[in-house]
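Here is the structure we will look at.
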There are 2 protein chains.
Amino acid sequence: MNLLIKGIFSWRLFLLLEKTTSQGLRATGRRMTRTRKAVLSLLEGTQQPLSASEIFLQLQKDQIAIDLVTVYRTVNVLKELGLVVQLDLHQEGQSRYELKEGRKHHHHIRCQMCGKIVDLLLCPLKKLTKLIEERTQFVVEDHTLEFSGFCPKCQ
Amino acid sequence: MNLLIKGIFSWRLFLLLEKTTSQGLRATGRRMTRTRKAVLSLLEGTQQPLSASEIFLQLQKDQIAIDLVTVYRTVNVLKELGLVVQLDLHQEGQSRYELKEGRKHHHHIRCQMCGKIVDLLLCPLKKLTKLIEERTQFVVEDHTLEFSGFCPKCQ
DNA sequence: CATTTATTGCAAGTCTATTGCAAGTAAAAA
DNA sequence: TTTTTACTTGCAATAGACTTGCAATAAATG
Ligand SMILES: [Mn+2]
Ligand SMILES: [Mn+2]
Ligand SMILES: [Zn+2]
Ligand SMILES: [Zn+2]
(Lines give C-alpha, C1' and ligand atoms only; values in the text may rest on other atoms or scores of the structure.)
(Ligands and ions follow the chains in the order given, each with its own letter.)
Protein backbone atom coordinates (compact mmCIF):
# COMPACT_ATOMS: atom_id res chain seq x y z
CA MET A 1 0.00 0.00 0.00
CA ASN A 2 2.71 2.47 0.81
CA LEU A 3 4.20 1.47 -2.51
CA LEU A 4 1.07 2.88 -4.11
CA ILE A 5 1.38 6.05 -2.11
CA LYS A 6 5.02 6.42 -3.02
CA GLY A 7 4.09 6.19 -6.68
CA ILE A 8 6.48 3.39 -7.46
CA PHE A 9 3.68 1.00 -8.06
CA SER A 10 2.94 -1.02 -11.14
CA TRP A 11 0.58 -3.77 -12.09
CA ARG A 12 3.50 -6.08 -12.83
CA LEU A 13 4.89 -5.45 -9.39
CA PHE A 14 1.54 -6.03 -7.77
CA LEU A 15 1.23 -9.40 -9.48
CA LEU A 16 4.79 -10.27 -8.55
CA LEU A 17 4.20 -9.51 -4.88
CA GLU A 18 0.93 -11.46 -4.90
CA LYS A 19 2.52 -14.47 -6.48
CA THR A 20 5.60 -14.29 -4.29
CA THR A 21 3.53 -14.14 -1.17
CA SER A 22 1.03 -16.86 -1.95
CA GLN A 23 3.12 -19.31 -3.89
CA GLY A 24 6.54 -18.59 -2.56
CA LEU A 25 6.78 -17.22 0.92
CA ARG A 26 3.62 -18.44 2.59
CA ALA A 27 4.07 -21.93 1.20
CA THR A 28 7.40 -22.21 2.96
CA GLY A 29 6.32 -20.70 6.26
CA ARG A 30 7.82 -17.35 5.47
CA ARG A 31 6.36 -13.86 5.55
CA MET A 32 6.01 -10.98 3.14
CA THR A 33 7.75 -8.09 4.79
CA ARG A 34 8.53 -4.46 4.22
CA THR A 35 12.10 -5.28 3.24
CA ARG A 36 11.23 -8.10 0.88
CA LYS A 37 8.67 -5.91 -0.86
CA ALA A 38 11.23 -3.15 -1.18
CA VAL A 39 13.90 -5.40 -2.69
CA LEU A 40 11.45 -7.02 -5.10
CA SER A 41 10.17 -3.63 -6.11
CA LEU A 42 13.65 -2.31 -6.74
CA LEU A 43 14.70 -5.32 -8.78
CA GLU A 44 11.47 -5.13 -10.74
CA GLY A 45 12.19 -1.57 -11.74
CA THR A 46 15.85 -1.98 -12.65
CA GLN A 47 17.42 -3.14 -15.88
CA GLN A 48 20.90 -3.97 -14.65
CA PRO A 49 21.53 -6.80 -12.22
CA LEU A 50 22.26 -5.25 -8.83
CA SER A 51 24.75 -6.13 -6.14
CA ALA A 52 23.80 -6.30 -2.48
CA SER A 53 25.52 -3.02 -1.74
CA GLU A 54 23.87 -1.35 -4.71
CA ILE A 55 20.48 -2.52 -3.49
CA PHE A 56 21.36 -1.20 -0.05
CA LEU A 57 22.41 2.22 -1.34
CA GLN A 58 19.50 2.60 -3.71
CA LEU A 59 16.97 1.79 -1.02
CA GLN A 60 18.68 4.29 1.23
CA LYS A 61 18.21 6.95 -1.46
CA ASP A 62 14.58 5.91 -1.68
CA GLN A 63 14.27 6.63 2.06
CA ILE A 64 13.81 2.96 2.86
CA ALA A 65 16.10 1.98 5.70
CA ILE A 66 17.25 -1.61 5.43
CA ASP A 67 20.41 -3.00 6.89
CA LEU A 68 22.93 -4.42 4.45
CA VAL A 69 22.76 -7.73 6.29
CA THR A 70 19.06 -7.85 5.60
CA VAL A 71 19.68 -7.26 1.92
CA TYR A 72 21.98 -10.26 1.86
CA ARG A 73 19.44 -12.38 3.68
CA THR A 74 16.65 -11.17 1.42
CA VAL A 75 18.33 -11.92 -1.88
CA ASN A 76 19.21 -15.35 -0.56
CA VAL A 77 15.58 -16.06 0.31
CA LEU A 78 14.46 -14.81 -3.09
CA LYS A 79 17.07 -17.04 -4.67
CA GLU A 80 15.85 -20.05 -2.71
CA LEU A 81 12.33 -19.29 -3.91
CA GLY A 82 13.61 -19.23 -7.48
CA LEU A 83 12.54 -15.64 -7.94
CA VAL A 84 16.00 -14.21 -8.35
CA VAL A 85 19.15 -15.34 -10.12
CA GLN A 86 22.57 -14.78 -8.65
CA LEU A 87 25.23 -13.74 -11.13
CA ASP A 88 28.92 -14.09 -10.35
CA LEU A 89 30.45 -12.18 -13.18
CA HIS A 90 34.10 -12.37 -13.99
CA GLN A 91 36.36 -9.81 -12.35
CA GLU A 92 33.64 -8.35 -10.22
CA GLY A 93 34.26 -8.83 -6.56
CA GLN A 94 30.61 -9.23 -5.68
CA SER A 95 27.55 -11.14 -6.77
CA ARG A 96 24.70 -9.49 -8.62
CA TYR A 97 21.04 -10.33 -8.57
CA GLU A 98 18.29 -10.04 -11.15
CA LEU A 99 14.65 -11.06 -11.27
CA LYS A 100 14.08 -14.46 -12.80
CA GLU A 101 10.29 -14.22 -12.75
CA GLY A 102 8.87 -14.67 -16.22
CA ARG A 103 12.21 -14.50 -17.96
CA LYS A 104 14.02 -17.42 -19.51
CA HIS A 105 17.55 -18.69 -19.15
CA HIS A 106 20.07 -16.36 -20.71
CA HIS A 107 23.62 -15.07 -20.46
CA HIS A 108 25.38 -11.72 -20.26
CA ILE A 109 28.01 -9.49 -21.74
CA ARG A 110 29.79 -6.95 -19.60
CA CYS A 111 31.74 -3.81 -20.51
CA GLN A 112 35.25 -3.94 -19.08
CA MET A 113 35.32 -0.16 -19.02
CA CYS A 114 32.07 1.06 -17.51
CA GLY A 115 30.66 -2.17 -16.14
CA LYS A 116 27.48 -2.10 -18.16
CA ILE A 117 25.79 -5.48 -18.34
CA VAL A 118 23.57 -6.49 -21.24
CA ASP A 119 21.43 -9.58 -21.59
CA LEU A 120 22.25 -12.05 -24.31
CA LEU A 121 18.94 -13.64 -25.07
CA LEU A 122 20.39 -16.88 -26.28
CA CYS A 123 22.03 -20.06 -25.08
CA PRO A 124 24.02 -22.03 -27.61
CA LEU A 125 25.02 -24.83 -25.32
CA LYS A 126 22.41 -27.55 -25.62
CA LYS A 127 24.19 -29.52 -28.29
CA LEU A 128 27.55 -28.92 -26.70
CA THR A 129 26.31 -30.31 -23.40
CA LYS A 130 25.66 -33.70 -24.95
CA LEU A 131 29.08 -33.75 -26.52
CA ILE A 132 30.69 -32.92 -23.22
CA GLU A 133 28.75 -35.58 -21.36
CA GLU A 134 29.96 -38.15 -23.87
CA ARG A 135 33.55 -37.01 -23.74
CA THR A 136 33.91 -36.56 -20.00
CA GLN A 137 31.35 -39.01 -18.62
CA PHE A 138 30.11 -36.23 -16.36
CA VAL A 139 26.42 -35.60 -15.92
CA VAL A 140 26.13 -31.93 -16.75
CA GLU A 141 23.85 -30.01 -14.41
CA ASP A 142 24.66 -26.40 -15.07
CA HIS A 143 26.83 -24.02 -17.02
CA THR A 144 27.97 -20.44 -16.96
CA LEU A 145 28.75 -18.36 -20.02
CA GLU A 146 29.76 -14.74 -20.07
CA PHE A 147 31.28 -12.37 -22.56
CA SER A 148 33.15 -9.19 -21.87
CA GLY A 149 34.48 -6.37 -23.98
CA PHE A 150 33.70 -2.77 -24.73
CA CYS A 151 30.23 -1.37 -25.05
CA PRO A 152 29.28 1.07 -27.81
CA LYS A 153 29.94 4.09 -25.59
CA CYS A 154 33.33 2.92 -24.37
CA GLN A 155 34.96 1.98 -27.65
CA MET B 1 69.86 -27.06 -8.66
CA ASN B 2 68.31 -27.89 -5.35
CA LEU B 3 65.31 -28.93 -7.38
CA LEU B 4 67.55 -31.58 -8.94
CA ILE B 5 68.74 -32.68 -5.55
CA LYS B 6 65.19 -32.90 -4.25
CA GLY B 7 64.31 -35.19 -7.14
CA ILE B 8 61.39 -33.12 -8.33
CA PHE B 9 63.18 -32.11 -11.46
CA SER B 10 62.14 -32.63 -15.04
CA TRP B 11 63.36 -31.50 -18.40
CA ARG B 12 60.05 -29.72 -19.04
CA LEU B 13 60.44 -27.86 -15.80
CA PHE B 14 64.03 -26.92 -16.57
CA LEU B 15 62.97 -25.45 -19.90
CA LEU B 16 60.08 -23.66 -18.26
CA LEU B 17 62.32 -22.06 -15.66
CA GLU B 18 64.86 -21.08 -18.30
CA LYS B 19 62.24 -19.49 -20.48
CA THR B 20 60.51 -17.81 -17.58
CA THR B 21 63.74 -16.29 -16.38
CA SER B 22 65.12 -15.08 -19.66
CA GLN B 23 62.01 -14.08 -21.55
CA GLY B 24 59.67 -13.31 -18.73
CA LEU B 25 61.19 -12.14 -15.51
CA ARG B 26 64.47 -10.62 -16.59
CA ALA B 27 62.85 -8.78 -19.46
CA THR B 28 60.59 -6.99 -17.01
CA GLY B 29 63.26 -6.21 -14.43
CA ARG B 30 62.24 -9.06 -12.19
CA ARG B 31 64.17 -11.92 -10.67
CA MET B 32 63.95 -15.67 -10.59
CA THR B 33 63.67 -16.59 -6.96
CA ARG B 34 63.37 -19.62 -4.75
CA THR B 35 59.64 -19.05 -4.30
CA ARG B 36 58.88 -18.47 -7.96
CA LYS B 37 60.73 -21.64 -8.87
CA ALA B 38 58.82 -23.55 -6.24
CA VAL B 39 55.42 -22.35 -7.42
CA LEU B 40 56.22 -22.98 -11.07
CA SER B 41 57.53 -26.41 -10.21
CA LEU B 42 54.41 -27.28 -8.27
CA LEU B 43 52.06 -26.07 -10.99
CA GLU B 44 54.10 -27.94 -13.57
CA GLY B 45 53.63 -31.18 -11.72
CA THR B 46 49.92 -30.87 -10.94
CA GLN B 47 46.93 -31.73 -13.07
CA GLN B 48 44.24 -29.79 -11.23
CA PRO B 49 44.28 -26.00 -11.11
CA LEU B 50 45.41 -24.98 -7.61
CA SER B 51 44.21 -22.25 -5.31
CA ALA B 52 46.64 -19.99 -3.44
CA SER B 53 45.99 -21.77 -0.18
CA GLU B 54 46.45 -25.16 -1.82
CA ILE B 55 49.77 -24.04 -3.24
CA PHE B 56 50.72 -22.77 0.20
CA LEU B 57 49.80 -26.04 1.93
CA GLN B 58 51.40 -28.26 -0.67
CA LEU B 59 54.68 -26.36 -0.54
CA GLN B 60 54.58 -26.63 3.23
CA LYS B 61 54.28 -30.39 2.91
CA ASP B 62 57.21 -30.31 0.52
CA GLN B 63 59.23 -28.59 3.25
CA ILE B 64 59.37 -25.37 1.30
CA ALA B 65 58.44 -22.49 3.55
CA ILE B 66 56.69 -19.70 1.66
CA ASP B 67 54.32 -17.23 3.17
CA LEU B 68 50.77 -17.27 1.83
CA VAL B 69 51.14 -13.61 0.91
CA THR B 70 54.09 -14.53 -1.27
CA VAL B 71 52.03 -17.18 -3.01
CA TYR B 72 49.44 -14.55 -3.88
CA ARG B 73 52.12 -12.18 -5.13
CA THR B 74 53.80 -14.93 -7.08
CA VAL B 75 50.74 -16.16 -8.96
CA ASN B 76 49.94 -12.55 -9.82
CA VAL B 77 53.40 -12.05 -11.30
CA LEU B 78 53.13 -15.29 -13.24
CA LYS B 79 49.75 -14.18 -14.49
CA GLU B 80 51.16 -10.84 -15.62
CA LEU B 81 53.87 -12.69 -17.48
CA GLY B 82 51.20 -14.76 -19.21
CA LEU B 83 52.57 -17.98 -17.76
CA VAL B 84 49.57 -18.78 -15.61
CA VAL B 85 45.83 -18.51 -16.07
CA GLN B 86 43.57 -17.49 -13.25
CA LEU B 87 40.31 -19.39 -13.05
CA ASP B 88 37.35 -18.05 -11.11
CA LEU B 89 35.08 -21.02 -11.12
CA HIS B 90 31.47 -20.75 -10.14
CA GLN B 91 30.63 -21.34 -6.49
CA GLU B 92 34.21 -21.64 -5.41
CA GLY B 93 35.19 -18.91 -3.02
CA GLN B 94 38.73 -18.65 -4.33
CA SER B 95 40.63 -18.33 -7.57
CA ARG B 96 42.60 -21.20 -9.02
CA TYR B 97 45.72 -21.10 -11.14
CA GLU B 98 47.05 -23.35 -13.86
CA LEU B 99 50.03 -23.23 -16.18
CA LYS B 100 49.29 -21.66 -19.52
CA GLU B 101 52.69 -22.42 -21.02
CA GLY B 102 52.34 -24.47 -24.18
CA ARG B 103 48.65 -25.13 -23.74
CA LYS B 104 45.90 -23.57 -25.75
CA HIS B 105 42.73 -21.79 -24.75
CA HIS B 106 40.20 -24.14 -23.21
CA HIS B 107 37.40 -24.40 -20.68
CA HIS B 108 36.50 -26.55 -17.70
CA ILE B 109 33.91 -28.77 -16.14
CA ARG B 110 33.71 -29.10 -12.37
CA CYS B 111 32.12 -31.76 -10.19
CA GLN B 112 29.62 -30.22 -7.78
CA MET B 113 30.22 -33.09 -5.37
CA CYS B 114 33.96 -33.60 -5.09
CA GLY B 115 35.27 -30.50 -6.78
CA LYS B 116 37.20 -32.33 -9.48
CA ILE B 117 38.05 -30.11 -12.44
CA VAL B 118 38.55 -31.48 -15.92
CA ASP B 119 39.78 -29.67 -19.01
CA LEU B 120 37.42 -29.31 -21.92
CA LEU B 121 39.73 -29.07 -24.88
CA LEU B 122 37.39 -27.10 -27.01
CA CYS B 123 35.94 -23.66 -27.47
CA PRO B 124 32.74 -23.37 -29.44
CA LEU B 125 32.40 -19.63 -29.23
CA LYS B 126 34.11 -18.17 -32.27
CA LYS B 127 31.02 -17.99 -34.43
CA LEU B 128 28.88 -16.92 -31.54
CA THR B 129 31.22 -14.03 -30.79
CA LYS B 130 30.54 -12.48 -34.18
CA LEU B 131 26.82 -12.82 -33.71
CA ILE B 132 27.01 -11.17 -30.32
CA GLU B 133 29.11 -8.30 -31.62
CA GLU B 134 26.51 -7.66 -34.30
CA ARG B 135 23.60 -7.84 -31.92
CA THR B 136 25.02 -5.83 -29.04
CA GLN B 137 27.49 -3.53 -30.81
CA PHE B 138 30.02 -4.51 -28.17
CA VAL B 139 33.59 -5.32 -29.14
CA VAL B 140 34.07 -8.72 -27.53
CA GLU B 141 37.42 -9.14 -25.84
CA ASP B 142 37.01 -12.20 -23.68
CA HIS B 143 34.65 -14.87 -22.53
CA THR B 144 34.26 -17.41 -19.80
CA LEU B 145 32.54 -20.76 -20.15
CA GLU B 146 32.23 -23.40 -17.50
CA PHE B 147 30.19 -26.51 -17.00
CA SER B 148 29.38 -28.24 -13.76
CA GLY B 149 27.73 -31.47 -12.80
CA PHE B 150 28.69 -34.85 -11.42
CA CYS B 151 31.85 -36.69 -12.32
CA PRO B 152 31.85 -40.43 -13.05
CA LYS B 153 32.78 -41.27 -9.46
CA CYS B 154 30.15 -39.08 -7.86
CA GLN B 155 27.09 -40.11 -9.84
C1' DC C 1 -6.01 -7.86 20.94
C1' DA C 2 -2.87 -11.50 22.17
C1' DT C 3 0.13 -15.29 20.92
C1' DT C 4 3.42 -17.33 18.14
C1' DT C 5 7.42 -17.38 15.61
C1' DA C 6 9.69 -15.54 11.43
C1' DT C 7 12.46 -11.50 10.55
C1' DT C 8 15.39 -7.61 11.46
C1' DG C 9 19.34 -4.72 13.09
C1' DC C 10 23.48 -4.50 15.30
C1' DA C 11 27.92 -6.27 16.51
C1' DA C 12 31.18 -9.47 15.77
C1' DG C 13 33.26 -12.98 13.02
C1' DT C 14 34.94 -15.49 8.67
C1' DC C 15 37.31 -15.91 4.49
C1' DT C 16 39.99 -14.50 0.54
C1' DA C 17 43.04 -11.27 -0.95
C1' DT C 18 45.85 -6.86 -0.60
C1' DT C 19 49.10 -3.38 1.39
C1' DG C 20 53.01 -1.11 4.27
C1' DC C 21 57.32 -1.70 5.75
C1' DA C 22 61.64 -3.51 7.50
C1' DA C 23 64.68 -7.24 6.50
C1' DG C 24 66.49 -10.42 3.04
C1' DT C 25 68.62 -11.54 -1.28
C1' DA C 26 69.20 -11.79 -6.59
C1' DA C 27 71.64 -9.52 -9.95
C1' DA C 28 74.33 -5.69 -11.70
C1' DA C 29 78.30 -2.69 -10.97
C1' DA C 30 82.78 -1.89 -9.29
C1' DT D 1 85.03 -11.01 -5.31
C1' DT D 2 82.99 -7.35 -3.00
C1' DT D 3 79.90 -3.71 -3.06
C1' DT D 4 75.78 -1.63 -4.43
C1' DT D 5 71.19 -1.55 -6.12
C1' DA D 6 66.59 -2.44 -5.96
C1' DC D 7 63.55 -6.38 -6.34
C1' DT D 8 61.37 -9.81 -3.01
C1' DT D 9 59.89 -11.70 1.11
C1' DG D 10 57.65 -12.28 5.71
C1' DC D 11 54.98 -10.39 9.14
C1' DA D 12 51.29 -7.67 10.75
C1' DA D 13 47.72 -4.96 9.61
C1' DT D 14 44.01 -3.96 6.54
C1' DA D 15 40.29 -4.32 3.04
C1' DG D 16 36.07 -6.10 1.19
C1' DA D 17 32.29 -9.37 0.62
C1' DC D 18 29.59 -12.08 3.09
C1' DT D 19 27.86 -14.77 7.36
C1' DT D 20 26.37 -15.68 12.13
C1' DG D 21 24.60 -14.96 17.12
C1' DC D 22 21.29 -12.82 19.56
C1' DA D 23 17.99 -9.67 21.51
C1' DA D 24 14.38 -6.77 19.76
C1' DT D 25 10.72 -6.28 16.36
C1' DA D 26 6.80 -7.29 13.68
C1' DA D 27 4.04 -10.46 10.45
C1' DA D 28 0.49 -13.84 10.64
C1' DT D 29 -3.35 -16.31 12.88
C1' DG D 30 -7.38 -16.83 15.80
MN1 LIG E 1 20.06 -10.92 -17.28
MN1 LIG F 1 42.65 -26.20 -17.61
ZN1 LIG G 1 31.10 0.53 -21.37
ZN1 LIG H 1 33.07 -35.77 -8.36
Side-chain angles (χ1 to χ4, degrees), chain A residues 1-3 17-18 20-40 49-57 59-60 63-81 84 86-97 115, chain B residues 1-3 17-18 20-40 49-57 59-60 63-81 84 86-97 115:
Chain A
M1 273 308 164
N2 44 357
L3 288 175
L17 295 180
E18 280 296 297
T20 303
T21 304
S22 57
Q23 291 173 36
L25 294 171
R26 205 155 292 168
T28 55
R30 279 182 270 227
R31 296 165 185 181
M32 176 55 83
T33 63
R34 192 180 66 88
T35 56
R36 287 171 184 170
K37 272 182 193 151
V39 172
L40 278 168
L50 299 177
S51 67
S53 56
E54 285 172 346
I55 292 171
F56 173 71
L57 290 172
L59 291 181
Q60 237 175 9
Q63 309 288 335
I64 302 173
I66 299 180
D67 195 88
L68 179 57
V69 174
T70 304
V71 175
Y72 277 110
R73 286 194 273 230
T74 300
V75 291
N76 279 322
V77 167
L78 296 177
K79 195 175 67 172
E80 281 170 30
L81 296 180
V84 151
Q86 177 176 351
L87 308 178
D88 295 295
L89 299 185
H90 201 58
Q91 291 189 325
E92 290 207 311
Q94 48 192 11
S95 295
R96 292 181 174 279
Y97 303 87
Chain B
M1 274 307 165
N2 44 357
L3 288 176
L17 296 180
E18 280 296 296
T20 303
T21 305
S22 56
Q23 290 173 36
L25 294 170
R26 205 156 292 169
T28 55
R30 280 182 269 228
R31 296 165 185 180
M32 175 55 82
T33 63
R34 191 180 67 88
T35 56
R36 287 170 184 169
K37 272 181 193 154
V39 173
L40 278 168
L50 299 177
S51 67
S53 56
E54 286 173 346
I55 293 171
F56 173 69
L57 290 172
L59 291 181
Q60 238 175 8
Q63 310 288 335
I64 302 173
I66 300 180
D67 195 89
L68 179 57
V69 175
T70 304
V71 174
Y72 277 110
R73 287 194 273 228
T74 300
V75 290
N76 279 321
V77 167
L78 296 177
K79 193 176 67 173
E80 282 170 28
L81 295 181
V84 153
Q86 177 176 352
L87 308 179
D88 295 295
L89 299 185
H90 200 57
Q91 292 187 327
E92 288 207 310
Q94 48 193 3
S95 294
R96 292 182 173 279
Y97 303 86

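By convention in this document, chain letters (A, B, ...) are assigned in the order of the sequence lines, proteins followed by strands, and residues within each chain are numbered from 1. All values reported here derive from a predicted model rather than from experimental measurement. Every heavy atom of this structure was used, including side-chain atoms; hydrogens, water molecules and symmetry mates were not.
For residues 70-79 of chain A, the pairs satisfying side-chain hydrogen bond (donor to acceptor under 3.5 Å, both in side chains) are A:Lys79-A:Gln86, with sequence neighbours left out.
Distance A:Arg36 CZ to D:dA26 C1': 12 Å, rounded to the nearest Å. A straight line from CG of A:Asp67 to P of D:dA24 spans 17 Å, rounded to a whole angstrom. Look at CG on B:Leu25: it is 18 Å from P on D:dA6, rounded to the nearest Å. A straight line from CG of B:Leu50 to C1' of C:dT16 spans 16 Å, rounded to a whole angstrom. Taking atom CZ of residue A:Phe56 and atom P of nucleotide D:dT19, one finds them 16 Å apart after rounding to whole Å.
DNA chain C is contacted by no residue of residues 86-96 of chain A, taking any non-hydrogen atom closer than 4.0 Å.
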Inset, instruction - Indicate for each nucleotide in nucleotides 18-30 of chain C, in 5' to 3' sequence, whether protein heavy atoms under 4.0 Å reach the base (B), only the sugar-phosphate (S), or nothing (-). - result: BBB-----BS---

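Using a 4.5 Å heavy-atom cutoff, the side chains of A:Leu59 and A:Val39 are in contact. In this structure, the side chains of B:Asp88 and A:Asp88 stay at 4.5 Å or more apart for every pair of heavy atoms. Contact of the B:Arg36 side chain with the B:Thr21 side chain is not registered, since no non-hydrogen atoms from C-beta on lie closer than 4.5 Å. The shortest side-chain heavy-atom distance between B:Ile64 and B:Arg34 falls under the 4.5 Å cut-off. Counting only heavy atoms from C-beta outward, the side chains of B:Ile55 and B:Ile66 never approach each other to under 4.5 Å.
A pairwise comparison of heavy atoms in B:Pro49 and B:Arg96 identifies O-NH1, 2.9 Å as the closest pair. The two residues B:Arg26 and B:Ser22 have their closest heavy-atom pair at CB-O, 4.0 Å.
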